[in-house]
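Just below is one structure, and these are the notes that go with it.
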Amino acid sequence: MKFIIYLSIFFLLLTLPASAARKDSSETAKNIYLVRSVTIEPAIGLNPYPTSDLVFSNLVQWNLKKRLSIVSHTSFALNNAFLRVNNYIKTDYNYTLSQKFGVGTSLYSKRSSHTFSFMAGMRFDSFKETLENPEFEKFSAKESFISPDEGLMYSLKVGKKKHFLSFRTYIPLYPYPFKSSDVYSLDGNMANLSLEFGFGIRLK
Amino acid sequence: MGKMKKIVFILIIILLASCKKEVFSPELTKEFSILSTSNGANYNIKVALPQDYSPETQKYPAIYVLDGEENFNFVAENCNTISSDFPTTNVLVVSIGYGNDRAVDYTPVEGGGGAVTSGGGAEKFMLFIKNELIPKMENDYSADTLRKNRTILGHSFGGLFGAYAFTSFNKVFGNYILLSPSLWYENEIVFRFEQGNRNINKNNKQLVFLGMGQLENSGQMLAPFKAFIQLLQNNYPDIKITSHIEPQLSHQGSKNPNIIEGLNFYFQNRY
């Protein structure tokens with residue numbers, strides 16, 4: 001049952017941006033789009049599942065052509081940000097650094113643009129936990145590792161001026177299906193799903 | 001928009017293909033149910049028989065699989081494959097279905113916090129396995145009566161139950177495959193059981209495999225996992241123990257790869 005819910009959320013997120021874009025495509029024909037050459041978009045967000053991770057990120061988008069852009073997404077996530085002691089287990093630190101690059105295409109309306117990008121890069125995860133149960137000996141354990149980070153990103157920019165509002169969501173395609181075709185591994189994807197809100201600045 | 005539809009269609013096909021559930025050979029699968037006198041629950045039991053099953057002439061080791069309804073086919077298929085790869089005698093794979101909520105049957109005491117509002121049925125569930133299921137397997141399916149030929153395999157709360165079996169009913173199973181065990185449960189209650197029963201259990205021979213996923217970073221899995229390994233390594237001279245952290249997978253995703261690792265460890269090292 002849990003997996004049906006995961007899949008439903010996955011497809012919902014996948015189709016929402018598409019339907020939003022479809023709504024705007026008629027306006028595109030009227031040639032009233034807003035094309036920025038280079039933008040920089042800092043944001044703050046969440047990885048909502050399974051624990052709330054706080055994400056600080058920046059997106060740089062360079063529109064090579066009207067419908068072709070390259071993007072760079074850098075993020076720092078403070079994982080499990082709001083629950084640091086649980087059953088005498090303290091989270092000493094828990095963070096993820098990620099750098100991804102991607103290629104995307106954009107659809108435009110009068111006041112907004114929608115960019116869909118395929119992203120690929122690397123992430124570095126590191127966390128340390130300490131078991132401090134007074135009944136037992138204190139014990140610490142840590143893990144640090146690098147893994148691929150691949151997925152689809154939808155980025156929405158709202159506003160016509162130099163400064164604009166920015167929203168983006170990232171749908172990871174790792175570990176499922178690139179590392180593992182086992183549908184159970186989707187919980188790894190879900191843990192890296194992010195929703196980010198911020199503002200953007202047009203540089204060029 | 002046509003392209004977008006194609007992409008969504010291809011993704012759906014990939015997802016559906018990967019959702020295909022393995023089904024172990026129906027000819028080699030037996031099924032029955034037991035109404036437990038220990039806790040009053042009705043358990044659906046499935047047994048996967050080895051290919052060359054001959055109960056008249058041979059006794060078979062048995063692997064008891066918790067969350068059987070989810071894990072039976074995968075474990076049975078892989079026992080078949082791994083035992084013939086080595087090659088060695090295959091086992092009986094015994095799937096224990098849900099009689100009660102797993103959060104009741106697999107937890108040793110009430111509590112746990114969060115979504116777990118009740119529990120504490122592990123002792124009665126253990127007595128069901130020990131006094132009702134194992135004797136039936138030995139009488140009707142030629143399961144070996146020696147402790148060293150009994151294995152328990154569990155994931156998450158099932159792994160917690162396996163750890164509880166190790167600490168509090170160590171005479172029942174000689175081998176333990178514990179996957180992402182919820183050792184944090186109720187302030188690491190199984191650590192207290194381990195401490196309390198250490199002197200009784202420490203000289204028993206046993207195989208223990210512990211596995212988890214590298215992405216299990218929710219703040220309560222890693223420290224007790226590694227602390228438990230260290231406890232067993234330091235205090236049990238006759239134990240053979242190994243652990244595996246499956247790279248880049250999380251709690252659910254690491255389950256099947258760790259089942260394969262655990263079964264390989266068992267078939268390679270059984271005594």
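Numbered from 1 within each chain, the chains take letters A, B, ... in sequence-line order. Since this is a predicted model, take the numbers as computed values, not measurements.
- With 3.5 Å as the limit, one finds a donor-acceptor pair spanning the side chains of A:S98 and A:D149.
- Residue B:L231 does not touch chain A at all, counting heavy-atom pairs closer than 4.5 Å.
- Counting non-hydrogen atoms of other residues, nucleotides and ligands closer than 6.0 Å to CD of A:Q99 gives a total above 12.
- A:Q61 and A:T115 are linked by a side-chain donor-acceptor pair at a separation below 3.5 angstrom, with hydrogens and angles left out of the test.
- For chain A, the nearby part of B:E216 is the backbone; its heavy atoms alone come within less than 4.5 Å.
- By the neighbour-count criterion of 12 heavy atoms within 6.0 Å, atom CZ of A:F199 is sparsely surrounded, having that number or fewer from other residues, nucleotides or ligands.
- Among the candidates A:G188, A:S147, A:A191, the residue making the largest number of heavy-atom pairs closer than 4.5 Å to chain B is A:S147.
- Here A:N80 is the residue among A:D92, A:T130, A:N80 with the most heavy-atom pairs under 4.5 Å with chain B.
- Counting heavy-atom pairs under 4.5 Å between each of A:V85, A:N86, A:I146, A:N79 and chain B puts A:N86 at the top.
- Both the backbone and the side chain of B:K226 come within contact range of chain A, judged by heavy atoms closer than 4.5 Å.
- In terms of non-hydrogen atom pairs under 4.5 Å with chain A, the most contact-rich of B:G253, B:G213, B:P247 is B:G253.
- Heavy-atom distances place no part of B:E194 under 4.5 Å from chain A, backbone and side chain included.
- The aromatic rings of A:F127 and A:F145 stand perpendicular to each other, their planes meeting at an angle above 60°, with 30° marking the opposite boundary.
- The backbone N or O of A:G200 sits nowhere less than 3.5 Å from a side-chain atom of A:S166 that would complete a donor-acceptor pair.
- Remark: of the listed residues B:I96, B:V94, B:V23, B:T29, B:T29 is the sole one forming a side-chain contact (heavy atoms from CB on, under 4.5 Å) with B:F72.
- Heavy-atom distances place the backbone of A:K142, and not its side chain, under 4.5 Å from chain B.
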